[in-house]
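Just below is one structure, and these are the notes that go with it.
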Protein chains: 2
Amino acid sequence: MPRGEGKFLIKQRAFLKLYMISFVEEHKVYGLQAMDELKAKFKQLGYEPQHSEVYRSLHELIDDGILVRRKKAIEGMKYKEVVVYELINLEKAKLYKKQVKTDLDRSMSLLRKALEDVY
Amino acid sequence: MPRGEGKFLIKQRAFLKLYMISFVEEHKVYGLQAMDELKAKFKQLGYEPQHSEVYRSLHELIDDGILVRRKKAIEGMKYKEVVVYELINLEKAKLYKKQVKTDLDRSMSLLRKALEDVY
DNA sequence: AAATGAACAGGCTGTTCATTT
DNA sequence: AAATGAACAGCCTGTTCATTT
(Lines give C-alpha, C1' and ligand atoms only; values in the text may rest on other atoms or scores of the structure.)
Protein backbone atom coordinates (compact mmCIF):
# COMPACT_ATOMS: atom_id res chain seq x y z
CA MET A 1 0.00 0.00 0.00
CA PRO A 2 1.58 3.22 -1.22
CA ARG A 3 1.81 5.66 1.64
CA GLY A 4 2.65 8.71 -0.44
CA GLU A 5 6.34 7.97 -0.16
CA GLY A 6 8.68 7.51 -3.07
CA LYS A 7 6.18 9.09 -5.34
CA PHE A 8 6.64 10.00 -8.95
CA LEU A 9 4.66 12.80 -10.59
CA ILE A 10 1.65 14.67 -9.28
CA LYS A 11 -1.66 12.89 -9.69
CA GLN A 12 -4.36 14.03 -12.06
CA ARG A 13 -6.78 14.29 -9.14
CA ALA A 14 -4.68 16.94 -7.39
CA PHE A 15 -4.14 18.76 -10.66
CA LEU A 16 -7.87 18.98 -11.26
CA LYS A 17 -8.69 19.89 -7.68
CA LEU A 18 -6.35 22.82 -8.05
CA TYR A 19 -8.17 24.06 -11.13
CA MET A 20 -11.53 23.52 -9.46
CA ILE A 21 -10.53 25.77 -6.59
CA SER A 22 -9.31 28.29 -9.08
CA PHE A 23 -12.61 28.20 -10.96
CA VAL A 24 -14.64 28.54 -7.80
CA GLU A 25 -12.58 31.52 -6.75
CA GLU A 26 -13.65 33.19 -9.95
CA HIS A 27 -17.27 32.25 -9.21
CA LYS A 28 -17.37 30.21 -12.33
CA VAL A 29 -18.84 27.03 -13.45
CA TYR A 30 -20.47 23.83 -12.51
CA GLY A 31 -19.06 20.39 -13.26
CA LEU A 32 -19.46 19.88 -16.97
CA GLN A 33 -18.70 23.48 -17.76
CA ALA A 34 -15.42 23.20 -15.89
CA MET A 35 -14.60 20.09 -17.85
CA ASP A 36 -15.34 21.77 -21.16
CA GLU A 37 -13.20 24.71 -20.22
CA LEU A 38 -10.31 22.46 -19.33
CA LYS A 39 -10.70 20.40 -22.45
CA ALA A 40 -10.54 23.53 -24.55
CA LYS A 41 -7.56 24.83 -22.63
CA PHE A 42 -5.55 21.63 -22.92
CA LYS A 43 -6.75 20.42 -26.25
CA GLN A 44 -3.56 21.26 -28.05
CA LEU A 45 -1.57 19.41 -25.42
CA GLY A 46 -3.57 16.28 -25.97
CA TYR A 47 -5.07 16.21 -22.50
CA GLU A 48 -8.79 15.64 -22.13
CA PRO A 49 -10.04 15.25 -18.58
CA GLN A 50 -13.11 13.06 -18.26
CA HIS A 51 -16.29 14.10 -16.54
CA SER A 52 -16.12 11.46 -13.83
CA GLU A 53 -12.70 12.60 -12.75
CA VAL A 54 -13.86 16.20 -12.63
CA TYR A 55 -16.78 15.24 -10.42
CA ARG A 56 -14.54 13.15 -8.21
CA SER A 57 -12.27 16.15 -7.74
CA LEU A 58 -15.20 18.31 -6.75
CA HIS A 59 -16.57 15.72 -4.36
CA GLU A 60 -13.20 15.28 -2.74
CA LEU A 61 -12.89 19.01 -2.17
CA ILE A 62 -16.20 18.83 -0.33
CA ASP A 63 -14.91 15.97 1.78
CA ASP A 64 -11.83 18.07 2.44
CA GLY A 65 -14.06 20.77 3.84
CA ILE A 66 -12.94 23.27 1.23
CA LEU A 67 -16.06 23.55 -0.92
CA VAL A 68 -19.78 23.24 -0.37
CA ARG A 69 -22.47 22.24 -2.81
CA ARG A 70 -25.26 24.54 -3.77
CA LYS A 71 -28.04 24.03 -6.24
CA LYS A 72 -28.67 26.86 -8.56
CA ALA A 73 -31.42 27.46 -11.05
CA ILE A 74 -30.09 27.95 -14.51
CA GLU A 75 -30.25 31.54 -15.68
CA GLY A 76 -31.15 31.34 -19.31
CA MET A 77 -31.28 28.20 -21.29
CA LYS A 78 -30.82 24.49 -21.46
CA TYR A 79 -32.09 22.53 -18.50
CA LYS A 80 -33.39 23.37 -15.10
CA GLU A 81 -30.65 23.53 -12.52
CA VAL A 82 -27.01 22.78 -11.91
CA VAL A 83 -24.75 22.21 -8.94
CA VAL A 84 -22.46 25.07 -8.17
CA TYR A 85 -19.80 25.27 -5.51
CA GLU A 86 -18.64 27.81 -2.99
CA LEU A 87 -15.48 28.19 -1.03
CA ILE A 88 -16.28 27.48 2.59
CA ASN A 89 -12.80 27.53 4.03
CA LEU A 90 -10.36 29.94 2.49
CA GLU A 91 -7.52 28.90 4.77
CA LYS A 92 -7.80 25.27 3.81
CA ALA A 93 -7.98 26.26 0.17
CA LYS A 94 -4.83 28.34 0.46
CA LEU A 95 -3.05 25.51 2.22
CA TYR A 96 -4.09 23.01 -0.40
CA LYS A 97 -2.92 25.24 -3.21
CA LYS A 98 0.38 25.66 -1.46
CA GLN A 99 0.82 21.92 -1.11
CA VAL A 100 -0.05 21.34 -4.74
CA LYS A 101 2.39 24.00 -5.81
CA THR A 102 5.15 22.11 -4.04
CA ASP A 103 4.14 18.96 -5.87
CA LEU A 104 3.97 20.75 -9.21
CA ASP A 105 7.41 22.21 -8.73
CA ARG A 106 8.79 18.86 -7.69
CA SER A 107 7.24 17.19 -10.72
CA MET A 108 8.66 19.82 -13.03
CA SER A 109 12.09 19.20 -11.56
CA LEU A 110 11.85 15.49 -12.21
CA LEU A 111 10.94 16.01 -15.83
CA ARG A 112 13.52 18.73 -16.33
CA LYS A 113 16.23 16.54 -14.89
CA ALA A 114 15.38 13.71 -17.24
CA LEU A 115 15.52 16.05 -20.21
CA GLU A 116 18.90 17.32 -19.09
CA ASP A 117 20.33 13.92 -18.29
CA VAL A 118 19.28 12.07 -21.37
CA TYR A 119 19.16 14.51 -24.25
CA MET B 1 -9.90 0.88 -21.71
CA PRO B 2 -7.52 3.80 -22.14
CA ARG B 3 -6.11 3.85 -25.61
CA GLY B 4 -3.45 6.42 -24.99
CA GLU B 5 -5.87 9.20 -25.81
CA GLY B 6 -6.68 12.10 -23.55
CA LYS B 7 -3.72 11.28 -21.45
CA PHE B 8 -2.34 13.25 -18.58
CA LEU B 9 1.35 13.10 -17.62
CA ILE B 10 4.00 10.70 -18.80
CA LYS B 11 4.02 7.34 -17.05
CA GLN B 12 6.75 6.22 -14.71
CA ARG B 13 7.38 3.20 -16.92
CA ALA B 14 8.36 5.34 -19.89
CA PHE B 15 10.45 7.60 -17.68
CA LEU B 16 12.42 4.64 -16.38
CA LYS B 17 12.77 3.00 -19.77
CA LEU B 18 14.35 6.19 -20.99
CA TYR B 19 16.93 6.12 -18.21
CA MET B 20 17.57 2.43 -18.78
CA ILE B 21 18.42 3.08 -22.41
CA SER B 22 20.65 5.90 -21.31
CA PHE B 23 22.44 3.66 -18.84
CA VAL B 24 22.92 0.91 -21.36
CA GLU B 25 24.37 3.38 -23.84
CA GLU B 26 26.99 4.15 -21.26
CA HIS B 27 27.62 0.42 -20.80
CA LYS B 28 26.58 0.73 -17.22
CA VAL B 29 24.75 -1.28 -14.73
CA TYR B 30 22.47 -4.15 -14.11
CA GLY B 31 19.04 -3.87 -12.53
CA LEU B 32 19.60 -3.09 -8.90
CA GLN B 33 22.58 -0.92 -9.61
CA ALA B 34 20.47 1.18 -11.94
CA MET B 35 17.85 1.49 -9.27
CA ASP B 36 20.38 2.61 -6.67
CA GLU B 37 21.77 5.16 -9.05
CA LEU B 38 18.34 6.58 -9.72
CA LYS B 39 17.42 6.61 -6.07
CA ALA B 40 20.54 8.58 -5.30
CA LYS B 41 19.92 10.95 -8.17
CA PHE B 42 16.32 11.67 -7.24
CA LYS B 43 16.55 11.36 -3.51
CA GLN B 44 16.26 15.06 -2.88
CA LEU B 45 13.18 15.22 -5.09
CA GLY B 46 11.48 12.57 -3.04
CA TYR B 47 11.30 10.04 -5.83
CA GLU B 48 12.38 6.50 -5.13
CA PRO B 49 11.80 4.02 -7.93
CA GLN B 50 11.16 0.47 -6.76
CA HIS B 51 13.08 -2.53 -7.98
CA SER B 52 10.11 -4.26 -9.54
CA GLU B 53 9.34 -1.26 -11.68
CA VAL B 54 12.95 -1.05 -12.81
CA TYR B 55 12.90 -4.69 -13.83
CA ARG B 56 9.61 -4.25 -15.60
CA SER B 57 11.09 -1.40 -17.58
CA LEU B 58 14.04 -3.52 -18.60
CA HIS B 59 11.84 -6.46 -19.54
CA GLU B 60 9.62 -4.25 -21.61
CA LEU B 61 12.59 -2.87 -23.51
CA ILE B 62 13.48 -6.44 -24.37
CA ASP B 63 9.96 -7.08 -25.57
CA ASP B 64 10.27 -3.90 -27.61
CA GLY B 65 13.30 -5.37 -29.35
CA ILE B 66 15.55 -2.61 -28.10
CA LEU B 67 17.66 -4.46 -25.53
CA VAL B 68 18.91 -8.00 -25.09
CA ARG B 69 19.76 -9.84 -21.93
CA ARG B 70 23.22 -11.13 -21.24
CA LYS B 71 24.55 -12.87 -18.16
CA LYS B 72 27.81 -11.58 -16.92
CA ALA B 73 30.12 -12.92 -14.22
CA ILE B 74 30.73 -10.37 -11.56
CA GLU B 75 34.20 -8.86 -11.71
CA GLY B 76 35.24 -8.42 -8.14
CA MET B 77 33.01 -8.92 -5.23
CA LYS B 78 29.64 -9.77 -3.85
CA TYR B 79 27.81 -12.56 -5.60
CA LYS B 80 28.32 -14.61 -8.70
CA GLU B 81 26.69 -13.10 -11.73
CA VAL B 82 24.30 -10.40 -12.82
CA VAL B 83 22.13 -9.69 -15.84
CA VAL B 84 23.44 -6.98 -18.07
CA TYR B 85 21.84 -5.52 -21.14
CA GLU B 86 22.97 -4.50 -24.58
CA LEU B 87 21.46 -2.32 -27.20
CA ILE B 88 20.38 -4.52 -30.07
CA ASN B 89 18.56 -1.98 -32.19
CA LEU B 90 19.93 1.52 -32.17
CA GLU B 91 17.25 2.82 -34.51
CA LYS B 92 14.44 1.65 -32.29
CA ALA B 93 16.21 3.10 -29.30
CA LYS B 94 16.54 6.46 -30.99
CA LEU B 95 12.92 6.41 -32.01
CA TYR B 96 11.80 5.54 -28.52
CA LYS B 97 13.86 8.32 -27.02
CA LYS B 98 12.35 10.72 -29.48
CA GLN B 99 8.84 9.66 -28.59
CA VAL B 100 9.52 9.98 -24.90
CA LYS B 101 10.98 13.42 -25.41
CA THR B 102 7.74 14.50 -26.96
CA ASP B 103 5.87 13.16 -23.98
CA LEU B 104 8.25 14.82 -21.53
CA ASP B 105 7.87 18.15 -23.27
CA ARG B 106 4.12 17.79 -23.35
CA SER B 107 4.04 16.93 -19.66
CA MET B 108 6.21 19.90 -18.79
CA SER B 109 3.83 22.13 -20.69
CA LEU B 110 0.86 20.86 -18.73
CA LEU B 111 2.54 21.53 -15.42
CA ARG B 112 3.85 24.89 -16.50
CA LYS B 113 0.43 25.95 -17.66
CA ALA B 114 -1.11 25.04 -14.32
CA LEU B 115 1.53 27.04 -12.49
CA GLU B 116 0.88 30.01 -14.71
CA ASP B 117 -2.89 29.77 -14.58
CA VAL B 118 -3.35 29.29 -10.87
CA TYR B 119 -0.51 31.07 -9.11
C1' DA C 1 -30.11 16.10 -24.36
C1' DA C 2 -27.63 18.22 -20.38
C1' DA C 3 -26.00 17.32 -15.98
C1' DT C 4 -24.73 14.67 -12.08
C1' DG C 5 -23.41 10.63 -10.03
C1' DA C 6 -22.29 5.82 -9.13
C1' DA C 7 -20.78 1.21 -10.64
C1' DC C 8 -17.70 -1.30 -13.01
C1' DA C 9 -13.28 -2.46 -15.20
C1' DG C 10 -8.54 -2.07 -16.40
C1' DG C 11 -3.96 -0.34 -16.14
C1' DC C 12 -0.03 1.03 -13.48
C1' DT C 13 2.77 0.35 -9.71
C1' DG C 14 4.12 -0.79 -4.78
C1' DT C 15 4.55 -4.72 -1.62
C1' DT C 16 5.40 -9.26 -0.84
C1' DC C 17 6.97 -13.75 -1.82
C1' DA C 18 10.09 -17.14 -4.34
C1' DT C 19 14.38 -18.52 -6.37
C1' DT C 20 19.16 -18.44 -7.47
C1' DT C 21 23.90 -17.41 -6.61
C1' DA D 1 22.73 -10.98 1.54
C1' DA D 2 22.55 -9.54 -3.39
C1' DA D 3 20.06 -10.02 -7.41
C1' DT D 4 16.30 -11.23 -10.33
C1' DG D 5 11.74 -12.20 -11.07
C1' DA D 6 6.87 -13.19 -10.43
C1' DA D 7 2.52 -12.97 -7.74
C1' DC D 8 -0.46 -10.34 -5.42
C1' DA D 9 -2.90 -6.12 -3.95
C1' DG D 10 -4.45 -1.41 -4.20
C1' DC D 11 -4.93 2.99 -6.06
C1' DC D 12 -6.08 5.88 -9.88
C1' DT D 13 -8.82 6.75 -13.58
C1' DG D 14 -11.52 5.77 -17.95
C1' DT D 15 -15.85 3.63 -19.55
C1' DT D 16 -20.34 2.54 -18.89
C1' DC D 17 -24.72 2.68 -16.79
C1' DA D 18 -28.49 5.10 -14.01
C1' DT D 19 -31.11 9.06 -12.64
C1' DT D 20 -32.90 13.63 -12.73
C1' DT D 21 -34.26 17.81 -14.92
Side-chain angles (χ1 to χ4, degrees), chain A residues 1-17 20 28-39 46-63 67-85 103 107 110, chain B residues 1-17 20 28-39 42 46-63 67 69-85 103 107 110:
Chain A
M1 345 59 214
R3 310 170 305 293
E5 297 306 317
K7 52 197 296 257
F8 188 49
L9 302 177
I10 188 173
K11 292 287 183 294
Q12 180 181 202
R13 182 77 49 86
F15 186 90
L16 288 180
K17 284 170 76 175
M20 291 307 121
K28 281 187 203 167
V29 303
Y30 52 94
L32 282 198
Q33 189 178 341
M35 182 190 71
D36 290 339
E37 195 158 330
L38 289 175
K39 280 193 177 179
Y47 170 47
E48 287 206 355
Q50 301 302 310
H51 82 276
S52 51
E53 190 60 16
V54 169
Y55 284 124
R56 278 188 285 249
S57 302
L58 257 359
H59 298 340
E60 213 169 277
L61 285 168
I62 292 174
D63 295 340
L67 300 185
V68 287
R69 260 175 64 106
R70 191 162 61 82
K71 289 241 180 189
K72 186 185 179 186
I74 215 90
E75 39 257 39
M77 46 214 65
K78 291 178 179 171
Y79 283 77
K80 321 303 166 58
E81 61 180 19
V82 296
V83 177
V84 295
Y85 299 85
D103 210 11
S107 299
L110 283 176
Chain B
M1 341 71 209
R3 310 168 307 291
E5 296 307 316
K7 53 198 295 262
F8 187 50
L9 301 178
I10 189 173
K11 291 289 184 292
Q12 180 180 203
R13 184 76 48 86
F15 187 90
L16 288 179
K17 285 170 76 174
M20 292 306 123
K28 279 187 203 167
V29 304
Y30 51 94
L32 282 198
Q33 191 178 340
M35 183 190 69
D36 290 339
E37 196 157 330
L38 289 175
K39 280 192 176 179
F42 290 112
Y47 171 46
E48 286 207 355
Q50 301 302 309
H51 83 276
S52 51
E53 191 60 16
V54 169
Y55 284 125
R56 278 188 283 248
S57 301
L58 256 1
H59 298 340
E60 213 169 276
L61 284 167
I62 291 175
D63 294 340
L67 301 185
R69 261 175 63 106
R70 191 161 61 80
K71 290 243 179 188
K72 186 184 179 187
I74 213 90
E75 39 257 40
M77 46 215 66
K78 292 179 180 172
Y79 283 78
K80 320 302 165 58
E81 62 180 19
V82 295
V83 177
V84 295
Y85 298 84
D103 210 9
S107 299
L110 283 176

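Numbered from 1 within each chain, the chains take letters A, B, ... in sequence-line order.
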The nucleotide from D:dG14, C:dT4, D:dG5 with an atom nearest the side chain of A:R56 is D:dG14
Residue set satisfying salt bridge (charged side-chain N to carboxylate O under 4.0 Å, His left out) with A:R13, at least two apart, ordered chain then number -> A:E53, A:E60
To the nearest angstrom, the CG-P distance between A:L16 and D:dT13 comes to 8 Å
The side chain to side chain contact (heavy atoms under 4.5 Å, CB included) partners of A:R70 (sequence neighbours excluded) come to A:V84, A:E86
Against the side chain of B:V82, the closest entry in D:dA3, C:dA3, D:dC12 is D:dA3
Applying side chain to side chain contact (heavy atoms under 4.5 Å, CB included) to B:L32 and not counting sequence neighbours gives B:Y30, B:M35, B:H51, B:Y55
note: B:Y55, atom OH; D:dC8, atom P; distance rounded to Å ~ 20 Å
Handout entry: From CA spacing to verdict: side-chain contact (heavy atoms from CB on, under 4.5 Å), A:V54, A:Q33
Key = CA-CA 10 Å; A:V54 169; A:Q33 189 178 341; over 6 Å; no
Is there, by distance only and without an angle test, a donor paired with an acceptor across the side chain of B:R13 and the base of C:dG11 below 3.5 Å? no
Separation of C:dT13 atom C1' from B:L38 atom CG, nearest Å, is 16 Å
Secondary structure of DNA chain C per the Watson-Crick/G-U criterion (both distances under 3.5 Å; [ ] crossing, | other strand, . unpaired) is |||||||||||||||||||||
Next on the checklist: Is it the case that the base of D:dT15 and the side chain of A:S52 share a donor-acceptor contact (distance under 3.5 Å, atom types as modelled)?
Outcome noted: yes
Minimal heavy-atom distance between A:M20 and A:A34, with the atoms involved, is CE-CB, 3.8 Å
A:L9 atom CG is separated from D:dT13 atom P, nearest whole Å, by 12 Å
To the nearest angstrom, the NZ-P distance between B:K11 and D:dT13 comes to 8 Å
Between CD of B:E53 and P of D:dC8 the distance, given in whole Å, is 19 Å
Among the nucleotides C:dG14, D:dG5, D:dG14, whichever has the atom closest to the side chain of B:Q50 is C:dG14
Which label fits A:F8 and B:F15: parallel for a plane angle under 30°, tilted from 30 to 60°, or perpendicular past 60°?
perpendicular
Separation of C:dA3 atom C1' from A:Y85 atom OH, nearest Å, is 10 Å
Hey, does the side-chain of A:H59 have a donor or acceptor N/O within less than 3.5 Å of a partner on the base of C:dG5?
no
Quick note, A:Q12 side chain, CB onward, closest among D:dT13, D:dT4, C:dG14 is D:dT13
In whole angstroms, the gap separating C1' of D:dT4 from CZ of B:R69 amounts to 8 Å
Picking from C:dG14, C:dG5, D:dT13, the nucleotide nearest the side-chain atoms of A:H51 would be C:dG5
Report yes if a side-chain nitrogen or oxygen of B:Y30 is closer than 4.0 Å to either non-bridging phosphate oxygen (OP1 or OP2) of D:dT4; otherwise report no.
-> no
Tightest non-hydrogen contact, residues B:R69 and B:Y85, listed as CG-CE2, 3.8 Å
